[in-house]
Novice: 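Provided herewith is a single structure, encoded as structure tokens, for subsequent inquiry.
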Amino acid sequence: AQKVTQAQTEISVVEKEDVTLDCVYETRDTTYYLFWYKQPPSGELVFLIRRNSFDEQNEISGRYSWNFQKSTSSFNFTITASQVVDSAVYFCALSESSSGYSTLTFGKGTMLLVSP
Amino acid sequence: NAGVTQTPKFQVLKTGQSMTLQCAQDMNHEYMSWYRQDPGMGLRLIHYSVGAGITDQGEVPNGYNVSRSTTEDFPLRLLSAAPSQTSVYFCASSYGQVGQPQHFGDGTRLSIL
């Protein structure tokens with residue numbers, strides 16, 4: 001079974017629409033960390049956010065917000081008023097304390113296409 | 001600030017050739033790792049290292065060798081390239097503790113003919 005599932009392979013929206021990228025994870029650890037990374041068309045991987053398993057507060061950074069719900073093992077990412085520059089592949093990733101290190105397990109990614 | 005530097009950026013090999021992908025970081029990070037990215041597969045861990053002289057296998061280690069002689073460098077070797085190793089390879093580094101964000105290089109796009 002996948003440890004990190006991003007069920008949406010590709011999402012297409014028109015600029016200024018809100019969009020939510022889903023991430024569901026699976027772990028037996030009580031201590032773990034969740035991440036979101038962005039991969040724009042230029043190919044580099046950009047770190048967006050980290051959340052630990054003990055902090056369920058939602059986070060907002062500009063047009064980006066993240067909703068962490070342990071009850072549903074989800075860590076969803078919402079972009080408000082999307083822009084063309086948001087077009088990218090977004091990866092959700094998990095780091096488990098049982099690994100002992102900062103090893104990441106990635107989901108397969110969601111490609112977001114924002115058209116003008 | 002160089003961060004994580006990968007060379008080369010692009011490479012084309014013939015089946016059976018050998019090659020070393022270079023990775024260097026200047027952040028004094030203990031942890032370094034190699035991932036491969038294939039369409040629809042996300043990033044999968046090949047090998048990782050938690051310090052000089054210490055390496056271990058990830059999810060897809062077959063066909064790849066690594067070594068870590070210094071804190072800064074973590075090369076990835078393909079001893080006999082196969083078409084199945086055509087991929088984009090990313091090197092990453094971080095502090096070693098669980099939960100530390102990984103810093104990624106810009107990637108190496110490798111094609112095996």
Novice: If every non-hydrogen atom of Y101(A) is compared with every non-hydrogen atom of V98(B), which pair is closest and at what distance?
Specialist: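 Residues Y101(A) and V98(B), closest heavy atoms: O-CG2, 3.3 Å.
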
Novice: Heavy-atom cut-off 4.5 Å, strictly under: side chain, backbone, both or neither for Q39(A) against chain B?
Specialist: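 For Q39(A), the side chain is the part near chain B, not the backbone.
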
Novice: Would you mind telling me which of F91(A), Y90(A), F77(A), F47(A) makes a ring pair (Phe, Tyr, Trp, His ring centres under 6.0 Å) with Y37(A)?
Specialist: F47(A)

Novice: For the candidates Q102(B), E59(B), R44(B), which exhibits the highest count of non-hydrogen atom pairs separated by less than 4.5 Å from chain A?
Specialist: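 Heavy-atom pair counts peak at Q102(B).
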
Novice: So which part of Q97(B) gets closer than 4.5 Å to some heavy atom of chain A, the side chain, the backbone, both or neither?
Specialist: backbone

Novice: Check for a donor-acceptor pair, side chain of W34(B) on one end and backbone N or O of G58(B) on the other, with a separation under 3.5 Å.
Specialist: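 No, the answer is negative, given that no donor and acceptor are paired below the 3.5 Å cut-off.
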
Novice: Answer with side chain, backbone, both or neither: which region of E30(B) has an atom nearer than 4.5 Å to a non-hydrogen atom of chain A?
Specialist: neither

Novice: Given the options V50(B), D38(B), D106(B), which has more heavy-atom pairs under 4.5 Å with chain A than any of the others?
Specialist: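 Heavy-atom pair counts peak at V50(B).
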
Novice: Could you look at Y95(B) and say if it's the side chain, the backbone, both or neither that has a heavy atom under 4.5 Å from chain A?
Specialist: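 For Y95(B), the backbone is the part near chain A, not the side chain.
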
Novice: Measuring from W36(A):CH2 to R51(A):CZ, what's the distance to the nearest 0.5 Å?
Specialist: 14.0 Å

Novice: Do you know which of P39(B), P101(B), S94(B), G40(B) has the most heavy-atom pairs under 4.5 Å to chain A?
Specialist: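 Heavy-atom pair counts peak at P101(B).
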
Novice: Between L45(B) and chain A, with a heavy-atom cut-off of 4.5 Å, which part of the residue counts as in contact: side chain, backbone, both or neither?
Specialist: side chain

Novice: Is a side-chain N or O of T55(B) found less than 3.5 angstrom from the main chain of S49(B), in a donor-acceptor match?
Specialist: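 Checking the backbone N and O of S49(B) against the side chain of T55(B), no donor-acceptor pair under 3.5 Å is found.
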
Novice: Do any N or O atoms from the side chain of Q6(A) and from the backbone of C92(A) form a donor-acceptor pair under 3.5 angstrom?
Specialist: yes

Novice: So which residue, N52(A), T103(A), T9(A), T105(A), ends up with the most heavy-atom pairs under 4.5 Å with chain B?
Specialist: T103(A)

Novice: Of D22(A), T20(A), L112(A), which is the lone residue that meets side chain to side chain contact (heavy atoms under 4.5 Å, CB included) with Q8(A)?
Specialist: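 Among D22(A), T20(A), L112(A), the one meeting side chain to side chain contact (heavy atoms under 4.5 Å, CB included) with Q8(A) is D22(A).
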
Novice: Side chain from CB out, backbone as N, CA, C, O: work out which of these in T31(A) comes under 4.5 Å of a heavy atom of chain B, or both, or neither.
Specialist: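 Interface part for T31(A): neither.
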
